[in-house]
Amino acid sequence: MNSIDAQSAALRPETLASHLGRPGRRGAPVNAPVHRASTILFDSVRELEEAKAARFEKGAVFYGRFGTPDIFAFEEAISALEGGYGTIAVPSGLAACVLPLVAFLRPGDHVLVTDSIYEPARTSLSAFIERNGVEVTFYDPRIGQGIEALFKPNTRMVYLESPGSLTFEVQDIPAIAAVARKHSAVTVCDNTWATALFHRPISLGVDIVVQAATKYIVGHSDAMLGLVTAGPEHYRELRQAANWLGYRVSPDDVFLAARGLRSLAARLRQHHETGVSLAQWLETLPEIRRVIHPALPSHPDHAIWKRDFSGASGLFAIILRATSKAEAIAFVERLRLFGMGFSWGGFESLVLIGDPAHARTATDWREEGILIRLHAGLEHVDDLQADLARAINRLAQADRKPAAV
Ligand SMILES: *Cc1c(COP(=O)(O)O)cnc(C)c1O
């Protein structure tokens, strides 16, 4: 174990992200070596049997599928950052979202889920979890302690994501977690947008944090990985469920995630700065109906964001004044520095046309105009602004043309 672990409580997240999970010994390389392994060898039957008995314990080396020391070291680093007891690395962010559902929900149970949930996870719930006899109720992400009215005797779990990764509602996590605790329901929160560097849901009363390390932790759009972090009361069941599902992560992907972790703080600081700067500028433009960014005072949940978060990442949305899909398509296709495609959290800027209305059932999406999601990457902010300005300028020209054209 790294000597840094012992003092980790006193160190700041930037320092921890640099030091955690490293061998930290003289004569050892700076970084943990990559273990590519299926078979692990033992010297005696007794040792092999002991390893088998301990296979769901943290850090136990037994067989490749249960993890290797490099993966354990990375998991420990994430646990320290999130303030949890243990972390389980899983093959994708979606696998992380699904793991607590599979581990804790039984036929007849009821789960409350934020209406702003990452859409593929919503599909897993309605197409897979619900099919197995679990009742799913979506709730308004702005419900706060009002969520108590939705509790039933069989409510076993509350699933949060804050902010929503398309619509950016910030949830009152302490209020929701307190109600859930009172009703003995497990709380799960997707923390992909902020990462532990800007937001620690466990410290706000949440039981289990899930996240797509695919985004900011990997940070270079070249690997996929999910993380599930929990306290000691939930860790073992999650670890077991991950094994029952056969989840196993590539040590090379974990290596990339561990490498990403080293520069996470510096990258996030820049994503924050560039994102806020672009958002503030976009807010002044007449062609933009609304900017949806939790760090702007105009955001309806800005006060909660300020209370619970220490920064913003690079992902936010704008609503164009234009209401025709054709204009929105022309706008995003005119951008040169913002690539078009799914995911985000890498070094590069991205753009996507969103359609929140079709993925909601508990709340209505009444926004007039088309939602465009932007990811502010690590390019120079002036270049990004110029690229947006050029595309928006043409949008303005289109507005001034007669409607028939
Ligand atoms: C991308 C994302 C996921 C899923 O991550 P993958 O690694 O793409 O499976 C889960 N939650 C949120 C909020 C995401 O943005």
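Heavy atoms only: backbone and side chains are in, while hydrogens, waters and symmetry mates are out. Atoms within a ligand are numbered from 1 in the order they appear, just like the ligands themselves. Since the structure is predicted, the reported quantities are computational estimates derived from the model, not experimental observations.
Side-chain N/O atoms of His35 and Asp70 include no donor and acceptor closer than 3.5 Å. Using modelled atom types and a 3.5 Å distance limit, the side chains of Ser313 and Trp193 yield a donor-acceptor pair. Side chains of Arg360 and Thr167: a donor on one and an acceptor on the other come within 3.5 Å. A donor-acceptor contact closer than 3.5 angstrom is absent between the side chains of Gln280 and His293.
Contact atoms of ligand 1 toward Gly93: 4 (C), 5 (O), 6 (P), 7 (O), 9 (O) (distance under 4.0 Å to a heavy atom of the residue). Those atoms of ligand 1 with a heavy atom of Asp190 less than 4.0 angstrom away are 10 (C), 11 (N), 12 (C), 13 (C). When each atom of ligand 1 is checked for a heavy atom of Met224 under 4.0 Å away, the hits are 6 (P), 7 (O), 8 (O). Residue Leu94 has at least one heavy-atom neighbour below 4.0 Å for each of these atoms of ligand 1: 4 (C), 5 (O), 6 (P), 9 (O). The distance from ligand 1 to the heavy atoms of Glu161 drops below 4.0 Å at these ligand atoms: 13 (C). Of all the atoms in ligand 1, the ones that sit under 4.0 Å from a non-hydrogen atom of Trp344 are 15 (O).
Ranking the protein heavy atoms by distance from atom 7 (O) of ligand 1 puts Thr214 OG1, 2.6 Å first.
Of the possible polar contacts, none joining the Trp344 side chain to the Leu350 backbone as a donor-acceptor pair under 3.5 Å is found.
For His375 and Tyr216, the distance between ring centers is under 6.0 angstrom.
Between Leu282 and Ile318, the shortest heavy-atom contact is CD1-CG2, 3.8 Å.
For Glu76 and Lys58, the salt-bridge test passes: some basic side-chain N is under 4.0 Å from an acidic carboxylate O.
Around atom 3 (C) of ligand 1, the closest heavy atom drawn from Tyr118, Tyr216, Phe342 belongs to Tyr118.
Residue-level proximity to ligand 1 for Lys215 is carried by the side chain, the only part with a heavy atom below 4.0 angstrom.
Using a non-hydrogen distance threshold of 4.0 Å, Trp193 does not register as a contact of ligand 1. At least one heavy atom of Cys97 sits under 4.0 Å from some atom of ligand 1.
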